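These notes are about the structure you will find just below.
Fair warning: this is a prediction, and the values are worked out from it, not measured in the lab.
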Amino acid sequence: MDLPSLFSASLGFFKKDTSPSTSGENTPARTLSPSNSISSFLDIEDEASTAGPRPRGSPLKYMTHGHGHGSDGTDAEDEQELSLRYLTLPLLKLAVKTYQPQEGGVSAGGQGWNVLVDGQQVDSLGVKGDPKFLVNTIRTVFSSSQALNSSFLADDNRAHPSGLDIPSIREAYDILLHLEPKELFVMTLVNALEILLSKLHLNLKRLQSSSAKPLRQILILLENPLFRESTYHDSLLKKLCLVVGGLRSKSRATVSDWLSSYDSNNFSTIVSTFHQYIDSHFNPTSRPDEALICCIKVLSTLYHANERAPQPLHPISSFYNMTLSRKPNFKEEYRIWKRTLDKSPPVTDFSFFNYPFLFDPVAKSRIMHIDAMVQMSLEFEDAFVHQALVIHAQRFLIDSPKVEKLEEDLKRQTNPFLVLEIRRDRFVGDVLNQITKKEADLKKPLKVKFVGGGEEGMDQGGVQKEFFQVLVGMLLDPSYGMFTYDDETRFSWINGASLEPERHFELIGTVFGLALYNGVMVGVNFPRLFWKKILDEVPTLADVKEAFPSLGRGLEQLLEWEDGDVADIFLRTFEISYDVYGQVKSFPLVDGGEELLVTNENRKEYVDLYVQHYTVQSVKRQFSAFRRGFWKVCGGKALQMCRPSELELMVCGIPSMNLDFVALEETAQYDDGYEPSHYVIEWFWDIVHEMNLEKKKKLLEFVTASDRVPAKGLGGLTFVIQRNGPDSDR
């Protein structure tokens, strides 16, 4: 008898029904003890058959199934069946081959294997053609935390920080989910997973021990393709959300750290799975249940994994959830969010707004707009209260000479708007002076009034846009000396050598804050580094490469140089030099830096110090004042929700590389007798759609004071076409 046949025959002794032996005799099922005969025979632990450290002893496990009472009232004999007590890819292929033998010794996975027992190859597990052994194995491994945590361990701990053989897990699922009959094996797996997830949810404390090893099963579960199918969202994915989202922050941090080592494609697949759950379970008319809250927490874990990765695994925009960015009641959610921040009753621990990575820039613009409106309404209320007090006081002081002075002193407080009266010939000076005097009114809605020179017009929106366009253009002009301009990148940057007082930079920051606060885009082109600093994020070499390409390339070349020591080639010391009004000035990066050579050993420190000095220290006085003015107007939790790229989009809009005037036409409004079918309107749009990009940009700038597209797109603009007087022959 060959070894595989002997092995298959031996397994038959452990079935309830008798099986014919190779000699043709029937042997009772319990005449052999399942102790040493098979377990010692199948001690599969050699290097050719395993994929890493395994539990000691045989991979086989005996499952006992009770059958209740017999007809005579006595206990019926229990059935003992075999299964694997953990899985490796070779063991799974061996079990599958027994169930579905293929010619040439090839498994269902399409590859050969080599499992040895006592130096000889074993190529079958269970009885050929009988699925029971395979079904028992699926049931045993995927319903037990211990079994699953012992499965798919890698032979090289450097392969993945979790210690798992991730590719083998994926291949194993592919094999299991393509077995026929599919219903038998899929339902066995589903039932086992339901049992496991229920046990994990009830015993979360055990999952959060001091060791990270029990968390391995989380990754194995996340790899399961069944969770991506909507059919199993309520039975499986919901429970997985409860388990992973219910972990303590330390345990979720461990899972996050493991996920940060994933490949981008499979990481993105996992992210999209939980987005699908939100899309199908979010209800804007009711508060989220525990499972949906836990799903949000799982996505938060994935988001932080993406942030920890050396290179982003997943575009930030792919974390935006369109359902949450469009469907919630934003005003109601804002109230709940403020209660979570203020800890005010009724106390709630959850708000979607506490997870800003889920919201796209359009949604964040709405949140900031609501936040601004709330602050403006408070200023309105204060103004009307002050006005009532003035009227009340006038009744008692009607004949007093102090009334005129009293009214003059309180006029500002009773005005619900921040009104700036500007003379065009003294534009910048008037703006800065009035902002200084009216600092207490900065949270009120802005109204601009141009006065003098025969021009008297109150702002209805268009004047405000022109105001910011002209003012920002003047302030950023290099001739003012407060900002510089790079012809190569076309970026403006704050002038660290400027001698202007901090108060002026603070006022300029206030102007930019007013633009954002009042929902007006400004035509500026700052590098991303500028917005990172506004949000107090640490600059990196990558930021320098974008903002100052020549400098960035030089520093990168210094770091990557391999042909000898950089001290002999670059001849640099620990100091930084740059032009200050035509004179080159040097500043040491460390004490005695002018004498300390940059070498291969210390070049990383040199580059870090250089970046820090150039982007932070050299502009610290001016930029700190600018940021202080900006935050004075629109700083707060709503602003902290934004990433630098999103803040840039809100302030500056999108560069107009492709202008969708079709969307603008679809949302345009008409007044004074015009309508979409009017021949003049049809002519207008025919002409607009025939324009080239440059002419479209000029039209957009004429209408909005900026040629950049707002975050909501052109369809989000308020665009009204109305008659300018009656028809004429002109």
Side-chain angles (χ1 to χ4, degrees), residues 142 148-149 151-152 154 159-177 186 189-190 193-194 196-197 200-201 207 212 214-247 249 251-282 291-324 355 357-358:
F142 288 95
L148 202 57
N149 276 322
S151 299
F152 304 112
H160 191 270
S162 65
L164 292 171
D165 185 353
I166 302 295
S168 290
I169 296 172
R170 293 167 185 161
E171 188 174 349
Y173 278 128
D174 185 61
I175 292 172
L176 289 172
L177 297 178
V186 170
L189 180 58
V190 169
L193 290 171
E194 284 195 69
L196 173 64
L197 290 168
L200 289 175
H201 186 220
L207 193 60
L215 296 171
R216 287 171 173 166
Q217 59 193 305
I218 299 298
L219 291 196
I220 298 176
L221 292 171
L222 288 172
E223 287 290 339
N224 194 324
L226 290 177
F227 290 104
R228 302 167 206 159
E229 299 182 20
S230 59
T231 306
Y232 303 111
H233 278 188
D234 288 328
S235 59
L236 295 180
L237 187 56
K238 178 179 180 179
K239 293 180 179 178
L240 181 62
C241 291
L242 291 170
V243 170
V244 182
L247 295 173
S249 56
S251 297
R252 287 209 306 272
T254 299
V255 175
S256 178
D257 187 53
W258 289 347
L259 288 168
S260 68
S261 299
Y262 258 50
D263 62 287
S264 58
N265 288 338
N266 287 285
F267 183 85
S268 298
T269 299
I270 296 174
V271 172
S272 65
T273 299
F274 292 97
H275 276 300
Q276 291 171 18
Y277 186 86
I278 294 176
D279 294 339
S280 60
H281 288 78
F282 174 76
L292 186 57
I293 291 174
C294 286
C295 182
I296 301 293
K297 292 180 179 179
V298 176
L299 279 170
S300 177
T301 301
L302 291 164
Y303 174 77
H304 287 103
N306 194 59
E307 293 288 284
R308 292 179 183 182
Q311 294 293 330
L313 304 171
H314 198 56
I316 295 301
S317 59
S318 297
F319 278 98
Y320 300 151
N321 185 275
M322 292 300 103
T323 298
L324 293 180
Y355 299 87
F357 62 87
L358 294 170

Exercise. Roughly how far apart are F274 CZ and C294 SG, rounded to 0.5 Å?
Worked result: 11.0 Å
Problem set entry | By ring-ring contact (aromatic ring centres under 6.0 Å, His included) - contacts of F227 (at least two apart) | none
For this session: Could I get the full list of ring-ring contact (aromatic ring centres under 6.0 Å, His included) partners for Y303, not counting sequence neighbours?
Result: F319, F357
Problem set entry | Q276 and S230, any side-chain heavy atoms less than 4.5 Å apart | no
Problem set entry | Non-hydrogen atoms of A253 and R308 that approach each other most closely | O-NH1, 2.9 Å
Problem set entry | Atom pair CZ (R228) and CG (L222), whose distance is rounded to the nearest 0.5 Å | 10.0 Å
Problem set entry | CD1-CD1 distance between I169 and I220, expressed to the nearest 0.5 angstrom | 4.5 Å
Exercise. Which residues satisfy the side-chain hydrogen bond (donor to acceptor under 3.5 Å, both in side chains) test with N321, sequence neighbours excluded?
Worked result: H275, D279
For this session: Specify the closest pair of heavy atoms between K238 and A291, including all atoms of both residues, with the distance to one decimal.
Result: CG-CB, 3.6 Å
Problem set entry | Contacts of type ring-ring contact (aromatic ring centres under 6.0 Å, His included), residue Y355, not counting sequence neighbours | F350
Exercise. Can you find a heavy atom in the side chain of L259 that is under 4.5 Å from one in the side chain of F267?
Worked result: yes
Exercise. For atom NZ of K239, is the number of surrounding heavy atoms from other residues, nucleotides or ligands below 6.0 Å larger than 12?
Worked result: yes
Exercise. Does a side-chain heavy-atom distance below 4.5 Å link L148 with L221?
Worked result: yes
For this session: Indicate yes or no: at least one non-hydrogen side-chain atom of H281 is less than 4.5 angstrom from one of D234.
Result: yes
Problem set entry | Closest contact, heavy atoms only, F152 versus S168 | CE2-O, 4.2 Å
For this session: Using a 4.5 Å cut-off on heavy atoms from C-beta on, say whether the side chain of N306 contacts that of V271.
Result: no
Problem set entry | Separation between CG of L215 and CD of Q217, rounded to the nearest 0.5 Å | 7.5 Å
Exercise. Do L193 and V190 come within less than 4.5 Å of each other through their side chains, counting heavy atoms only?
Worked result: no
Exercise. Tell me, which pairs form a side-chain hydrogen bond (donor to acceptor under 3.5 Å, both in side chains) where one or both residues lie in residues 257-269, sequence neighbours left out?
Worked result: R170-D263, E223-Y262, D263-N266, S268-H314
For this session: Using a 4.5 Å cut-off on heavy atoms from C-beta on, say whether the side chain of H304 contacts that of R252.
Result: no
Quiz: residues 240-247 side-chain donor-acceptor pairs under 3.5 angstrom, not counting sequence neighbours:
none

For this session: For the residue pair F142 and L176, establish whether any side-chain heavy-atom pair is separated by less than 4.5 Å.
Result: yes
For this session: Provide the closest heavy-atom pair for S280 versus H233 in the form atom of the first, atom of the second, distance.
Result: OG-ND1, 3.9 Å
Exercise. Could you give the distance from NZ (K297) to CG (L302), rounded to the nearest 0.5 Å?
Worked result: 14.5 Å
Exercise. Measuring from L313:CG to S318:OG, what's the distance to the nearest 0.5 Å?
Worked result: 11.5 Å
For this session: Let me see the working for L189 and L177 under side-chain contact (heavy atoms from CB on, under 4.5 Å), right down to the final yes or no.
Result: CA-CA 9 Å; L189 180 58; L177 297 178; 3.9 Å; yes
